[in-house]
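Presented below is the structure to which this report refers.
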Amino acid sequence: MRLAHITADDFDLARTLDSGQVFHWEKCGDGFIGTIGTKGVYVEQRRNRLFFKGATAKVIAHYFALDHPLEEICRSFPEDAAMCAARDFCQGLRIIRQPRWECLATFITSSMKQVAHIRQMSRALRERYGEHRKILGGQVYTFPRADRIAKLAEEDLRACALGYRAKNLLATARRVGSGEADLEKWSQLPDESLRERLCSLPGVGAKVANCVMLFAYERLRAFPIDVWIERVLRQKYFPRRRKVTAAQLRVFCETYFGEHGGYAQQYLFHHARKRAAAPEREARAGCSAL
DNA sequence: CTCCAGGGATGAT
DNA sequence: ATCATCCATGGA
(Lines give C-alpha, C1' and ligand atoms only; values in the text may rest on other atoms or scores of the structure.)
Protein backbone atom coordinates (compact mmCIF):
# COMPACT_ATOMS: atom_id res chain seq x y z
CA MET A 1 0.00 0.00 0.00
CA ARG A 2 1.36 3.35 -1.05
CA LEU A 3 0.82 6.36 1.15
CA ALA A 4 1.81 9.98 0.76
CA HIS A 5 3.48 11.65 3.72
CA ILE A 6 4.27 15.00 5.23
CA THR A 7 6.52 16.15 8.04
CA ALA A 8 4.73 16.73 11.33
CA ASP A 9 7.11 17.97 14.01
CA ASP A 10 5.90 18.40 17.56
CA PHE A 11 2.71 16.45 16.86
CA ASP A 12 1.20 13.39 18.54
CA LEU A 13 -1.64 12.04 16.42
CA ALA A 14 -2.97 9.42 18.84
CA ARG A 15 -2.92 11.81 21.78
CA THR A 16 -4.63 14.53 19.77
CA LEU A 17 -7.42 12.19 18.63
CA ASP A 18 -7.89 10.89 22.19
CA SER A 19 -8.07 14.25 23.91
CA GLY A 20 -11.83 14.76 23.92
CA GLN A 21 -12.01 17.30 21.11
CA VAL A 22 -13.06 14.99 18.25
CA PHE A 23 -15.07 11.79 18.50
CA HIS A 24 -15.20 9.84 15.27
CA TRP A 25 -11.68 8.59 14.48
CA GLU A 26 -11.20 4.87 14.84
CA LYS A 27 -8.06 2.81 15.22
CA CYS A 28 -7.25 0.89 12.04
CA GLY A 29 -4.04 -1.09 11.82
CA ASP A 30 -1.17 1.20 12.74
CA GLY A 31 -3.22 4.33 12.11
CA PHE A 32 -6.74 5.77 12.17
CA ILE A 33 -9.63 6.06 9.75
CA GLY A 34 -12.17 8.84 9.77
CA THR A 35 -13.39 11.78 7.74
CA ILE A 36 -12.20 15.29 7.11
CA GLY A 37 -15.23 17.10 5.80
CA THR A 38 -16.53 15.04 2.88
CA LYS A 39 -13.34 12.96 2.48
CA GLY A 40 -12.71 9.51 3.88
CA VAL A 41 -9.19 9.53 5.30
CA TYR A 42 -6.58 7.14 6.64
CA VAL A 43 -3.73 8.65 8.66
CA GLU A 44 -0.80 7.07 10.43
CA GLN A 45 2.10 8.54 12.34
CA ARG A 46 5.67 7.25 12.16
CA ARG A 47 7.98 9.42 14.22
CA ASN A 48 7.72 12.94 12.86
CA ARG A 49 5.93 11.93 9.69
CA LEU A 50 2.26 11.59 8.87
CA PHE A 51 1.40 9.00 6.23
CA PHE A 52 -2.04 9.43 4.77
CA LYS A 53 -4.56 8.62 2.06
CA GLY A 54 -7.86 10.15 1.01
CA ALA A 55 -7.04 13.86 1.16
CA THR A 56 -4.35 16.26 -0.01
CA ALA A 57 -1.33 17.12 2.11
CA LYS A 58 -2.73 20.62 2.43
CA VAL A 59 -6.05 19.37 3.83
CA ILE A 60 -4.30 17.05 6.28
CA ALA A 61 -1.90 19.72 7.52
CA HIS A 62 -4.70 22.25 7.92
CA TYR A 63 -7.07 19.87 9.75
CA PHE A 64 -4.42 18.80 12.25
CA ALA A 65 -3.24 22.41 12.64
CA LEU A 66 0.37 21.52 11.95
CA ASP A 67 1.01 25.21 11.43
CA HIS A 68 0.15 26.13 15.03
CA PRO A 69 3.39 27.33 16.65
CA LEU A 70 3.19 24.81 19.47
CA GLU A 71 6.45 25.73 21.17
CA GLU A 72 5.47 29.34 21.30
CA ILE A 73 1.99 28.43 22.52
CA CYS A 74 3.43 26.33 25.35
CA ARG A 75 5.83 29.10 26.30
CA SER A 76 2.86 31.43 26.71
CA PHE A 77 1.36 29.24 29.46
CA PRO A 78 1.68 30.36 33.08
CA GLU A 79 4.49 28.42 34.78
CA ASP A 80 2.68 27.06 37.80
CA ALA A 81 3.07 23.43 38.90
CA ALA A 82 -0.25 22.18 37.49
CA MET A 83 0.30 23.81 34.14
CA CYS A 84 3.89 22.55 33.81
CA ALA A 85 2.83 19.00 34.65
CA ALA A 86 0.06 19.15 32.07
CA ARG A 87 2.39 20.64 29.45
CA ASP A 88 4.95 17.87 29.94
CA PHE A 89 2.21 15.24 29.81
CA CYS A 90 0.57 16.55 26.63
CA GLN A 91 3.51 17.02 24.27
CA GLY A 92 2.39 17.11 20.66
CA LEU A 93 -1.29 17.58 21.46
CA ARG A 94 -2.77 20.04 19.00
CA ILE A 95 -6.16 21.70 18.80
CA ILE A 96 -7.40 20.71 15.38
CA ARG A 97 -9.60 22.60 12.92
CA GLN A 98 -12.96 20.87 12.71
CA PRO A 99 -15.77 21.63 10.27
CA ARG A 100 -18.15 24.07 11.95
CA TRP A 101 -21.47 22.26 11.70
CA GLU A 102 -19.97 18.86 12.53
CA CYS A 103 -18.33 20.29 15.63
CA LEU A 104 -21.40 22.23 16.76
CA ALA A 105 -23.72 19.28 16.27
CA THR A 106 -21.39 16.87 18.03
CA PHE A 107 -21.00 19.12 21.05
CA ILE A 108 -24.77 19.61 21.28
CA THR A 109 -25.01 15.84 21.62
CA SER A 110 -22.15 15.85 24.13
CA SER A 111 -24.08 17.55 26.90
CA MET A 112 -24.20 15.37 30.02
CA LYS A 113 -22.40 12.59 28.20
CA GLN A 114 -19.02 10.98 28.52
CA VAL A 115 -16.61 10.42 25.66
CA ALA A 116 -17.69 6.81 25.01
CA HIS A 117 -21.34 7.86 24.64
CA ILE A 118 -20.52 10.80 22.41
CA ARG A 119 -18.61 8.51 20.09
CA GLN A 120 -21.59 6.17 19.85
CA MET A 121 -24.04 8.96 19.05
CA SER A 122 -21.68 10.37 16.41
CA ARG A 123 -21.33 6.94 14.88
CA ALA A 124 -25.08 6.31 14.82
CA LEU A 125 -25.80 9.67 13.18
CA ARG A 126 -23.09 9.11 10.58
CA GLU A 127 -24.05 5.54 9.74
CA ARG A 128 -27.71 6.34 9.33
CA TYR A 129 -27.65 9.76 7.71
CA GLY A 130 -24.12 10.48 6.51
CA GLU A 131 -22.53 9.52 3.22
CA HIS A 132 -20.59 6.33 2.87
CA ARG A 133 -16.87 6.45 2.06
CA LYS A 134 -14.44 3.60 1.51
CA ILE A 135 -10.88 4.01 2.67
CA LEU A 136 -8.29 1.24 2.54
CA GLY A 137 -11.03 -1.35 2.75
CA GLY A 138 -12.52 0.31 5.85
CA GLN A 139 -15.95 1.91 6.04
CA VAL A 140 -16.37 5.49 7.19
CA TYR A 141 -19.28 7.91 7.03
CA THR A 142 -19.34 11.68 6.69
CA PHE A 143 -21.19 13.68 9.30
CA PRO A 144 -24.71 14.44 7.99
CA ARG A 145 -25.24 18.01 6.80
CA ALA A 146 -27.53 20.31 8.73
CA ASP A 147 -30.21 20.28 6.03
CA ARG A 148 -30.22 16.47 6.12
CA ILE A 149 -30.78 16.37 9.87
CA ALA A 150 -33.32 19.19 9.60
CA LYS A 151 -35.57 16.90 7.54
CA LEU A 152 -35.61 14.16 10.17
CA ALA A 153 -38.14 13.62 12.93
CA GLU A 154 -37.19 13.91 16.59
CA GLU A 155 -37.85 10.18 16.87
CA ASP A 156 -35.17 9.44 14.25
CA LEU A 157 -32.61 11.25 16.37
CA ARG A 158 -33.83 9.60 19.56
CA ALA A 159 -33.20 6.29 17.82
CA CYS A 160 -29.54 7.36 17.70
CA ALA A 161 -29.62 7.43 21.52
CA LEU A 162 -29.63 11.22 21.75
CA GLY A 163 -32.35 11.34 24.39
CA TYR A 164 -33.52 14.87 25.17
CA ARG A 165 -30.65 16.20 23.00
CA ALA A 166 -32.64 15.12 19.92
CA LYS A 167 -34.95 18.11 20.25
CA ASN A 168 -32.05 20.54 20.53
CA LEU A 169 -30.06 19.08 17.65
CA LEU A 170 -33.13 19.10 15.43
CA ALA A 171 -34.02 22.71 16.26
CA THR A 172 -30.44 23.88 15.69
CA ALA A 173 -30.15 21.85 12.46
CA ARG A 174 -33.25 23.63 11.15
CA ARG A 175 -31.80 27.04 11.90
CA VAL A 176 -28.47 26.18 10.33
CA GLY A 177 -29.94 24.25 7.41
CA SER A 178 -32.26 27.11 6.47
CA GLY A 179 -29.41 29.60 6.51
CA GLU A 180 -31.02 31.56 9.34
CA ALA A 181 -27.90 30.76 11.37
CA ASP A 182 -24.92 31.16 9.04
CA LEU A 183 -22.05 29.39 10.76
CA GLU A 184 -19.53 30.34 8.07
CA LYS A 185 -20.42 34.01 8.19
CA TRP A 186 -20.16 33.99 11.98
CA SER A 187 -16.43 33.32 11.64
CA GLN A 188 -16.01 37.05 10.94
CA LEU A 189 -17.42 38.03 14.33
CA PRO A 190 -15.32 38.98 17.35
CA ASP A 191 -15.24 36.46 20.20
CA GLU A 192 -18.02 37.97 22.30
CA SER A 193 -20.51 38.29 19.43
CA LEU A 194 -19.70 34.81 18.20
CA ARG A 195 -20.27 33.37 21.69
CA GLU A 196 -23.59 35.22 21.89
CA ARG A 197 -24.76 33.85 18.55
CA LEU A 198 -23.76 30.30 19.42
CA CYS A 199 -25.51 30.51 22.80
CA SER A 200 -28.71 31.58 21.04
CA LEU A 201 -28.93 28.11 19.45
CA PRO A 202 -30.97 25.42 21.23
CA GLY A 203 -28.77 23.11 23.28
CA VAL A 204 -25.83 25.50 23.31
CA GLY A 205 -24.79 27.04 26.61
CA ALA A 206 -21.51 28.60 27.70
CA LYS A 207 -19.56 25.34 27.79
CA VAL A 208 -20.63 24.03 24.39
CA ALA A 209 -20.21 27.48 22.83
CA ASN A 210 -16.64 27.65 24.09
CA CYS A 211 -15.87 24.17 22.75
CA VAL A 212 -17.17 25.13 19.32
CA MET A 213 -15.25 28.41 19.38
CA LEU A 214 -12.07 26.56 20.27
CA PHE A 215 -12.41 23.51 18.02
CA ALA A 216 -14.19 24.96 14.98
CA TYR A 217 -13.48 28.70 14.97
CA GLU A 218 -9.86 28.62 16.09
CA ARG A 219 -10.54 31.02 18.97
CA LEU A 220 -7.60 29.81 20.99
CA ARG A 221 -8.54 31.93 24.02
CA ALA A 222 -11.90 30.18 24.49
CA PHE A 223 -11.81 28.26 27.78
CA PRO A 224 -14.58 25.65 28.16
CA ILE A 225 -15.19 24.82 31.82
CA ASP A 226 -16.56 21.33 32.36
CA VAL A 227 -16.51 19.30 35.57
CA TRP A 228 -12.96 18.04 34.98
CA ILE A 229 -11.55 21.51 34.51
CA GLU A 230 -13.59 22.87 37.38
CA ARG A 231 -12.13 20.17 39.61
CA VAL A 232 -8.59 21.06 38.49
CA LEU A 233 -9.16 24.77 38.97
CA ARG A 234 -10.57 24.41 42.48
CA GLN A 235 -7.87 21.96 43.55
CA LYS A 236 -4.82 23.56 42.00
CA TYR A 237 -5.67 27.23 41.80
CA PHE A 238 -8.07 27.79 44.68
CA PRO A 239 -7.02 25.19 47.28
CA ARG A 240 -8.80 25.37 50.66
CA ARG A 241 -11.04 28.16 49.55
CA ARG A 242 -14.70 27.62 49.92
CA LYS A 243 -17.16 29.76 48.05
CA VAL A 244 -15.45 30.29 44.76
CA THR A 245 -18.31 30.95 42.38
CA ALA A 246 -18.51 29.83 38.78
CA ALA A 247 -18.30 33.47 37.70
CA GLN A 248 -15.07 33.96 39.65
CA LEU A 249 -13.57 30.89 38.01
CA ARG A 250 -14.57 32.16 34.60
CA VAL A 251 -12.95 35.55 35.11
CA PHE A 252 -9.79 33.92 36.47
CA CYS A 253 -9.46 31.66 33.42
CA GLU A 254 -10.02 34.44 30.93
CA THR A 255 -7.05 36.40 32.25
CA TYR A 256 -4.66 34.00 33.99
CA PHE A 257 -4.09 31.54 31.14
CA GLY A 258 -3.44 34.19 28.51
CA GLU A 259 -3.91 34.38 24.78
CA HIS A 260 -3.79 30.61 24.27
CA GLY A 261 -6.04 29.78 27.20
CA GLY A 262 -7.89 27.21 25.12
CA TYR A 263 -4.72 25.22 24.63
CA ALA A 264 -3.97 25.49 28.34
CA GLN A 265 -7.46 24.23 29.09
CA GLN A 266 -7.10 21.30 26.71
CA TYR A 267 -3.78 20.31 28.30
CA LEU A 268 -5.16 20.55 31.86
CA PHE A 269 -8.25 18.61 30.77
CA HIS A 270 -6.35 15.83 29.04
CA HIS A 271 -3.87 15.51 31.90
CA ALA A 272 -6.64 15.31 34.48
CA ARG A 273 -8.57 12.68 32.51
CA LYS A 274 -5.63 10.50 31.60
CA ARG A 275 -3.34 10.46 34.61
CA ALA A 276 -4.07 6.91 35.72
CA ALA A 277 -7.49 5.43 36.40
CA ALA A 278 -6.93 4.88 40.11
CA PRO A 279 -6.38 8.44 41.38
CA GLU A 280 -9.66 9.55 39.87
CA ARG A 281 -11.82 8.73 42.85
CA GLU A 282 -9.20 10.08 45.20
CA ALA A 283 -9.08 13.31 43.24
CA ARG A 284 -12.82 13.72 43.32
CA ALA A 285 -12.99 12.92 47.02
CA GLY A 286 -10.26 15.45 47.70
CA CYS A 287 -12.15 18.06 45.77
CA SER A 288 -15.47 17.63 47.52
CA ALA A 289 -13.72 17.68 50.88
CA LEU A 290 -12.50 21.23 50.34
C1' DC B 1 -29.20 32.36 43.81
C1' DT B 2 -31.06 26.95 44.02
C1' DC B 3 -33.23 22.81 42.34
C1' DC B 4 -33.95 19.26 38.99
C1' DA B 5 -35.34 16.60 34.57
C1' DG B 6 -32.94 13.84 31.40
C1' DG B 7 -30.75 8.88 29.57
C1' DG B 8 -27.49 5.29 28.61
C1' DA B 9 -22.88 3.45 29.33
C1' DT B 10 -19.83 2.25 32.89
C1' DG B 11 -17.98 0.80 37.25
C1' DA B 12 -19.10 -1.04 41.77
C1' DT B 13 -21.41 -4.45 44.53
C1' DA C 1 -28.05 -8.97 38.09
C1' DT C 2 -29.22 -4.43 40.15
C1' DC C 3 -27.43 0.06 41.79
C1' DA C 4 -25.03 4.38 41.78
C1' DT C 5 -22.46 7.55 39.05
C1' DC C 6 -21.34 10.62 35.44
C1' DC C 7 -22.79 15.36 33.56
C1' DA C 8 -24.67 20.56 30.21
C1' DT C 9 -28.63 23.03 29.41
C1' DG C 10 -32.79 25.24 30.34
C1' DG C 11 -36.61 26.23 32.84
C1' DA C 12 -39.12 26.59 37.38
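Convention: sequence-line order gives letters A, B, ...; per-chain numbering from 1. The figures that follow rest on heavy atoms only: side chains count, while hydrogens, waters and symmetry mates do not.
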What is the separation between atom OH on A/Y164 and atom P on C/dC7, rounded to the nearest whole Å?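 So the OH-P distance, A/Y164 to C/dC7, works out to 13 Å.
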I'd like to check the ring-ring contact (aromatic ring centres under 6.0 Å, His included) partners of A/F32; sequence neighbours left out, ordered by chain and number.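 With neighbours one apart ignored, the set is empty.
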Kindly assign one of parallel, tilted or perpendicular to the pair [X] and [Y], based on the angle between their ring planes and the thresholds 30° and 60°.
X	Y	result
A/F89	A/H270	tilted
A/Y237	A/F257	perpendicular
A/W25	A/Y63	tilted
A/Y263	A/H68	perpendicular

When you get a sec, tell me which of B/dG7, C/dC7, C/dT9 is the closest nucleotide to the side chain of A/K207?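 Among B/dG7, C/dC7, C/dT9, the one nearest the side chain of A/K207 is C/dT9.
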Pairs counted as Watson-Crick or G-U wobble with both distances under 3.5 Å: what dot-bracket string results for DNA chain C, using | for bases tied to another strand? |||||||.||||
Where along [range] does a heavy atom fall under 4.0 Å from DNA chain B?
range	answer
residues 154-163 of chain A	A/R158, A/A161, A/G163
residues 100-130 of chain A	A/M112, A/K113, A/A116, A/H117, A/Q120
residues 166-176 of chain A	none

Do any pairs count as a side chain to side chain donor-acceptor pair (under 3.5 Å) and have a residue in residues 3-13 of chain A, sequence neighbours left out, and if so which ones?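 As it turns out, the side chain to side chain donor-acceptor pair (under 3.5 Å) pairs with a partner in residues 3-13 of chain A, which skip direct neighbours, are A/D9-A/N48.
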Geometric cation-pi criterion, A/R250 with A/F223: 6.0 Å, 45°: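 Cation-pi check for A/R250 and A/F223: fails.
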Name the residue closer to the 5' end of DNA chain C, choosing between A/C199 and A/R165 according to the nucleotide with the nearest heavy atom.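 The answer here is A/R165.
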Do the charged groups of A/R97 and A/D67 touch, with an N to O distance under 4.0 Å?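 Salt bridge between A/R97 and A/D67, a charged N being under 4.0 Å from a carboxylate O: yes.
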